[in-house]
Enquirer: 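Let me give you the structure first, and then I'll get to my questions.
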Amino acid sequence: MKERFDNIVNSKFGRLADKLCNSVWYIVAYGIVCVLSHTLNIPVVGAVLLTILLVPALLFCKNSFVLTPFLLMCAFVMSEQTSPQTGYYNTPLRISVLCIVLVVLAVALVFNILYYKKWKQIYKRAYFTVSLALMYGALLIGGLGTSFFTASGFAMTLAIAVSTILPYALMVNCGEYEGRKTVEYFGWALIVAAAVISADFLHKFIINDFNLQIWAVKDYLKLGFVGPNTGAAIVTMAIPITFYFVYKYKHGYWFVLLVALELFVIVATYSRASLVVAVPGTVIVAIALCFKKTNGRRGYLIMFALSVAAAIVLAIVLRNWIAEKITALFEGNLSGSGRTDLWKAGFSAWCKSPIFGAGLWYLRLGDAHWFYSFHCTPLTYLFCGGVLGLAGYIYHRYKTVRLTFGAKLTAERVFVSLTMLAMLCNALLDIAMTSATHLLYYAIMLALLECDVKASKREQTESAPKEIKATDNIVEDEQNIQT
């Protein structure tokens, strides 16, 4: 049986399937399915189509990084009208189809792990294994000794932990990192994910007659799988990786237009957490590339100058409208969103249990669940996991920074790090680090960083003997000359 499948995998069909699953068009297919499923409110059909896309990747692709587009967009088929709380899935047919889909995916994943012998590597200890275990371990026992320590809270925290640890372990131990090619694959997947969100936002704008009042936008930009703030957070993450294509390609300056579109989407959502990260971050990276980009630099400088000029003209023409929106957006500072009240409540709960905190389930009290986050990652780990939780998070952050500079910096690691930094900075005022959807992105970036450091160290090790041999040859030549 194994020999027969070996022949299929190594056949022309198997090689073609592997090539297609590692192409940009494969990623675009995910995006198209997600847009249609969300717009037409057919998430079950979307789930079936995503399964059809993923199964060939699991059957014919050994490289675990091919799972990236599915992990980034698997939740995007759901709309506000078909989210679980609406009862949309409470029919025998829909539940049966979803169960069949899950079984097919589970069987294909198990086959992938067994056939390609990934089970020998997936449990191997990696660089972030200990820090992630400590961080999530402290969060799992958060609220210990209080009434908020419940089985439901423990299960939710476990789900959050698995959303990070499982894809990280699968990719860092079983992925085939190919430097630029792998990072570009991740980059395209993230850009397409941002494009899906942008397209769905545009659909909402159209059906709501482009009502740009802040209260209206915050109300109708709810997609089911993301809201205006969480959607803007993912688009914010796409900006640094888009700049990677600007930097790498000779004619990459055309990607500046894509950066401008991504920035426009963030502005249209009125997401303050994303705006305070995306706007200055875009300016800093764009200016830095004026000095760092060498291939196609003239075209980039022209595009950069045109972008700055266009921004100045728009700022002058729309100055009154911009001033009005900024005033309304930041009126009351952060308290306008309820964050300060949330932080005060969290601090009071933490004071009663400073070591173990109040537990993640504390945020489920009342009608506003706040998505299991105090809208600030350090405070979330402190209030929910106590001193132990905050210490675990700080240790994990230290390990991340240490790894990033653990070998000679590459362009791939720099831009993946900037993408992660955009996510982490946004999470200082939002929910990303306790959102399962966002943590899938985070897990992939952790794996990319670690794989890139390993590859850099391997190159240094392999080049060292050559340098020593060259030095020995020079010394030998000098001795021969003297003789």
Side-chain angles (χ1 to χ4, degrees), residues 9-10 14-30 53-54 56-73 109 112-113 115-118 120-122 124 126-128 166-193 237-238 240-250 252 255 295 403-404 406-420 440-464 466:
V9 171
N10 297 320
R15 292 194 300 271
L16 179 62
D18 181 44
K19 184 178 180 180
L20 287 175
C21 291
N22 283 281
S23 69
V24 176
W25 300 111
Y26 179 70
I27 299 171
V28 172
Y30 274 92
L53 285 172
L54 182 61
L58 292 173
L59 294 180
F60 301 108
C61 302
K62 182 180 180 181
N63 189 357
S64 293
F65 281 109
V66 79
L67 299 176
T68 298
F70 177 82
L71 293 176
L72 298 193
M73 291 180 274
L109 180 60
N112 181 269
I113 292 173
Y115 176 76
Y116 294 105
K117 299 180 180 179
K118 295 180 181 180
K120 295 181 178 180
Q121 300 173 308
I122 191 171
K124 184 180 177 181
Y127 181 82
F128 289 113
L166 182 58
Y168 163 71
L170 189 61
M171 292 189 177
V172 77
N173 290 327
C174 307
E176 297 177 352
Y177 182 73
E178 299 177 79
R180 177 175 175 174
K181 182 180 178 180
T182 303
V183 172
E184 284 190 0
Y185 190 79
F186 167 73
W188 280 116
L190 184 48
I191 288 172
V192 170
M237 291 164 56
I241 208 68
T242 306
F243 271 120
Y244 173 74
F245 292 97
V246 174
Y247 176 76
K248 274 294 183 181
Y249 288 110
K250 180 179 181 179
F255 282 92
N295 196 14
L403 178 76
T404 301
K408 183 180 179 181
L409 286 174
T410 62
E412 287 71 30
R413 200 175 335 135
V414 167
F415 284 96
V416 171
S417 298
L418 289 174
T419 304
M420 181 182 289
L440 292 173
Y441 292 67
Y442 183 68
I444 297 171
M445 288 186 284
L446 286 179
L448 288 172
L449 288 179
E450 186 169 343
C451 288
D452 189 75
V453 169
K454 288 179 180 178
S456 297
K457 289 183 176 180
R458 194 182 308 117
E459 289 179 4
Q460 292 174 0
T461 303
E462 291 173 352
S463 62
K466 296 179 182 179

Enquirer: Locate the shortest heavy-atom distance separating Ala189 from Met73; write the atom from each residue and the value.
Expert: O-CE, 4.2 Å
Enquirer: Could you tell me whether the side chain of Tyr244 reaches within less than 4.5 Å of the side chain of Thr419, counting heavy atoms only?
Expert: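 Of all side-chain heavy-atom pairs linking Tyr244 with Thr419, none is under 4.5 Å.
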Enquirer: Taking the side chain as every heavy atom from C-beta outward, state whether Tyr185 and Pro69 have any pair of such atoms under 4.5 Å apart.
Expert: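 Result yes, sub-4.5 Å side-chain heavy-atom pair found.
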Enquirer: Do Leu20 and Leu16 have side chains that get closer than 4.5 Å, going by heavy atoms?
Expert: yes
Enquirer: Got a sec, which residues hit ring pair (Phe, Tyr, Trp, His ring centres under 6.0 Å) with Tyr116, two or more places apart in sequence or on another chain?
Expert: none
Enquirer: Roughly how far, to the nearest 0.5 Å, is the CD1 atom of Ile122 from the CG atom of Asn173?
Expert: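 Those atoms lie 7.5 Å apart.
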Enquirer: Under the side-chain contact (heavy atoms from CB on, under 4.5 Å) rule, collect the residues that match up with Lys117, sequence neighbours excluded.
Expert: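 With sequence neighbours excluded, Lys117 shows a side-chain contact (heavy atoms from CB on, under 4.5 Å) to Trp119, Lys120, given in chain and number order.
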Enquirer: Apply side-chain hydrogen bond (donor to acceptor under 3.5 Å, both in side chains) to Asn63 and list each qualifying residue two or more places apart in sequence or on a separate chain.
Expert: none
Enquirer: Could you list the residues that satisfy salt bridge (Lys or Arg N to Asp or Glu O under 4.0 Å) with Lys454, not counting sequence neighbours?
Expert: Glu450
Enquirer: Holding to side-chain hydrogen bond (donor to acceptor under 3.5 Å, both in side chains), I want the full list of residues that pass it with Tyr127, two or more places apart in sequence or in another chain.
Expert: none
Enquirer: Taking side-chain hydrogen bond (donor to acceptor under 3.5 Å, both in side chains) as the test, write out the residues that go with Thr410, two or more places apart.
Expert: Asp452
Enquirer: Could you state the interatomic distance from CH2 (Trp188) to CG (Leu72), rounded to the nearest 0.5 Å?
Expert: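 It comes to 14.5 Å.
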Enquirer: Does any non-hydrogen side-chain atom of Thr182 lie less than 4.5 Å from one of Leu448?
Expert: yes
Enquirer: List the residues meeting salt bridge (Lys or Arg N to Asp or Glu O under 4.0 Å) with Arg15, not counting sequence neighbours, and say none if there are none.
Expert: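 Salt bridge (Lys or Arg N to Asp or Glu O under 4.0 Å) check on Arg15 returns nothing, list empty.
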Enquirer: Would you say that Lys408 contacts Glu459 through its side chain, given a criterion of any heavy-atom pair below 4.5 Å between the two side chains?
Expert: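 With C-beta onward as the side chain, the pair stays apart.
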Enquirer: Which heavy-atom pair separates Tyr26 from Ala57 by the least distance, and what is that distance?
Expert: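 Tyr26 and Ala57 have their closest heavy atoms at OH-CB, 3.5 Å.
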Enquirer: So, Tyr249 side chain and Phe255 main chain: donor-acceptor pair closer than 3.5 Å or not?
Expert: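 Here the side-chain-to-backbone pair does not exist.
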Enquirer: Taking side-chain hydrogen bond (donor to acceptor under 3.5 Å, both in side chains) as the definition, give me every residue that meets it alongside Thr404, ordered by chain and number, with sequence neighbours left out.
Expert: none
Enquirer: Can you tell me how far apart CG (Leu440) and CG (Leu67) are? Round to the nearest 0.5 Å.
Expert: 11.0 Å
Enquirer: Measuring only between side-chain heavy atoms, which start at C-beta, is Ile444 closer than 4.5 Å to Leu190?
Expert: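 Not touching, per the 4.5 Å side-chain cut-off.
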Enquirer: Between the side chains of Lys181 and Glu412, is the shortest nitrogen-to-carboxylate-oxygen separation below 4.0 Å, so that they form an ion pair?
Expert: no
Enquirer: Rounded to the nearest 0.5 Å, how far does CE of Met420 lie from CD1 of Ile241?
Expert: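 So the CD1 of Ile241 and the CE of Met420 are separated by 11.0 Å.
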Enquirer: By ring pair (Phe, Tyr, Trp, His ring centres under 6.0 Å), which residues pair with Tyr441, not counting sequence neighbours?
Expert: none
Enquirer: What is the distance from atom CG of Leu170 to atom CD1 of Ile113, rounded to the nearest 0.5 Å?
Expert: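 One gets 6.0 Å once the value is rounded to the nearest 0.5 Å.
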Enquirer: Kindly write out the residues that satisfy ring pair (Phe, Tyr, Trp, His ring centres under 6.0 Å) with Tyr247, not counting sequence neighbours, or none if the list is empty.
Expert: Phe415
Enquirer: Which pairs, with at least one residue in residues 166-175 and sequence neighbours excluded, count as a salt bridge (Lys or Arg N to Asp or Glu O under 4.0 Å)?
Expert: none
Enquirer: Hey, are the side chains of Leu418 and Phe243 touching, using non-hydrogen atoms and a 4.5 Å cut-off?
Expert: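 No; the side chains remain at least 4.5 Å from each other.
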Enquirer: Run the numbers on Tyr177 and Met171 for side chain to side chain contact (heavy atoms under 4.5 Å, CB included), then give the verdict.
Expert: CA-CA 9 Å; Tyr177 182 73; Met171 292 189 177; over 6 Å; no
Enquirer: To check you understand the geometry: which heavy-atom pair defines the closest contact between Val453 and Gly406, and what is its length?
Expert: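 Shortest heavy-atom separation between Val453 and Gly406 comes out as CG1-C, 4.5 Å.
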Enquirer: Does Ser456 offer a backbone N or O that forms a donor-acceptor pair with the side chain of Arg413 under 3.5 Å?
Expert: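 Checking the backbone N and O of Ser456 against the side chain of Arg413, no donor-acceptor pair under 3.5 Å is found.
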Enquirer: Would you check if the side chain of Lys118 reaches a backbone N or O of Lys62 as a donor-acceptor pair within less than 3.5 Å?
Expert: yes
Enquirer: Among all residues two or more places apart in sequence or in another chain, which pass the side-chain contact (heavy atoms from CB on, under 4.5 Å) test with Leu59?
Expert: Phe5, Val55, Phe111
Enquirer: Indicate yes or no: at least one non-hydrogen side-chain atom of Cys61 is less than 4.5 angstrom from one of Asn22.
Expert: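 Cys61 vs Asn22: side chains touch.
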